[in-house]
Amino acid sequence: MNYAFEPAPQASMAIADSENRIPVRRIFCVGRNYAAHAREMGKDPDRDPPFFFTKPADAVVETGQTIPYPPLTENFHYEAELIVVIGKGGRNIAEEDSLDHIWGYAVGNDLTRRDLQLEAREKGRPWDWGKAFDKSAIIGPVHPVGKAGHPSSGSIKLTVNGETKQDADLNELIWSVPEIVSILSHSMEIAPGDVIMTGTPAGVGPLVEGDTCVVAIEGLGEIETKIGARL
Ligand code: MN
């Protein structure tokens, strides 16, 4: 059997202090997982079950890249997020077992066409056009659990052109990492290479052409993205 044309290259992420890379399988993103961000989006922060949306694996972009200002939006937003990388698959994973399924952690930026996301929300349409566009998942080098442990607290910060826009602590997550992994695994079988973007704190806002956006998480380093000209 031959393919009719070359398959796309495998999307992958860097590993901190290593030449090896992690193949990306799927990207799951948690909506509204910090109370103050839920409020700024006009929603009650509560313990309703978390909801997820997805991005394609090849939306992944490394730190240090310039990405074009995406099409169809006039309100292109940053979202600082803790990234969880799954190393061992499974289904119906108990919360107390879920940390065993994590390979490592990274710093991420869930880029969002906010105007399209809000329009979809209002009209009861899918979020894909607001969230799952090209180059919409900035993910830094992945730190293995053996070195980084399982960060459950620590600073998460985002700056635009050096000005602080988001400044929170990982301990403010409404749904913790073990809870998220367990809940996701009851919805579908998770697999090595699956990536979870765990939600953003308050302070989301726009990026424009020429901006430099830096996200930092205590113990996981920082990622930097420049916004280039419109496509
Ligand atoms: Mn997000």
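Keep in mind the model is a prediction, meaning the values are calculated, not measured. Keep in mind that the numbers below use all heavy atoms, side chains included, and drop hydrogens, waters and symmetry copies. Throughout, numbering of the chain's residues begins at 1 and tracks the sequence. We count ligands from 1, going down the list as the structure has it; atoms in each ligand are counted the same way.
A salt bridge links D110 with K55: the closest approach of a Lys/Arg side-chain nitrogen to an acidic carboxylate oxygen falls below 4.0 angstrom. Electrostatic pairing of R113 and E74 does not count as a salt bridge here, judged by no charged N lying under 4.0 Å from a carboxylate O. For the pair E40 and R32, the salt-bridge criterion is not met [side-chain N within less than 4.0 Å of a carboxylate O]. With respect to the salt-bridge test (charged N to carboxylate O, under 4.0 angstrom), the residues D211 and K226 do not qualify.
In this structure, F51 has its ring center under 6.0 Å from that of W127.
Protein N/O/S atoms closer than 2.8 Å to the Mn ion (ligand 1): E79 OE1, E81 OE2, D110 OD2.
With sequence neighbours excluded, no residue forms a side chain to side chain donor-acceptor pair (under 3.5 Å) with Q10.
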